[in-house]
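Single-structure report; data block below.
For clarity, every value in this text was computed on a predicted model and none was experimentally measured. In this chain, residues are counted from 1 in sequence order.
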Amino acid sequence: MNLKTYFNSKEQNLLSDAGITVENKEYSKEELSLCESQIMDYIMSKSKNEIESTKMQYDSILRAIEKI
């Protein structure tokens with residue numbers, strides 16, 4: 001999966017917010033797994049009141065990564 005071409009600019013910005021550098025390359029399954037972990041860590045770092053809304057923002061990204 002190429003994150004740069006697969007996700008739109010809004011999704012790429014969300015990935016960037018989670019600390020993921022979006023490059024124009026094919027990511028391995030291991031790299032995607034690391035991205036998934038990093039997103040989950042980012043979500044869990046939010047305050048108790050923000051976790052659910054942040055998870056909803058990343059839900060489609062996480063589902064796409066999990067399919068691979």
Side-chain angles (χ1 to χ4, degrees):
M1 170 188 277
N2 185 326
L3 300 180
K4 188 79 167 175
T5 58
Y6 189 85
F7 293 115
N8 63 38
S9 60
K10 180 182 175 189
E11 293 166 325
Q12 289 179 36
N13 287 336
L14 287 171
L15 289 168
S16 181
D17 289 346
I20 298 168
T21 303
V22 179
E23 298 178 34
N24 189 8
K25 69 173 195 167
E26 286 299 317
Y27 285 78
S28 68
K29 287 185 179 190
E30 292 80 19
E31 289 173 311
L32 291 172
S33 180
L34 288 172
C35 289
E36 185 178 11
S37 293
Q38 196 166 347
I39 292 168
M40 292 306 294
D41 288 345
Y42 177 73
I43 292 169
M44 297 310 290
S45 74
K46 295 295 186 178
S47 71
K48 185 177 180 180
N49 297 332
E50 295 176 308
I51 288 176
E52 191 59 37
S53 63
T54 305
K55 185 179 181 313
M56 289 173 53
Q57 288 180 316
Y58 285 88
D59 203 37
S60 64
I61 295 172
L62 288 169
R63 278 187 276 129
I65 291 173
E66 287 173 358
K67 285 183 182 180
I68 303 300

- Taking side chain as C-beta onward, heavy atoms only, is E31 less than 4.5 Å from K25? yes
Notebook entry, point to check: Taking side chain as C-beta onward, heavy atoms only, is Q38 less than 4.5 Å from D41?
Noted result: no
What one should report as the nearest heavy-atom pair of Q12 and K4 is NE2-O, 2.8 Å
query = So, does N13 use its side chain to make a donor-acceptor pair with the main chain of S9 at under 3.5 Å?
reply = yes
dist D17:CG -> E11:CD (nearest 0.5 Å) comes out at 12.5 Å
Joining Ile, Leu, Val, Met, Phe, Trp and Tyr whenever any side-chain heavy atoms lie under 4.5 Å apart, the cluster holding I61 also takes in M1, L3, Y6, F7, L14, L15, I20, V22, Y27, L32, I39, M40, Y42, I43, M44, I51, Y58, L62, I65, I68
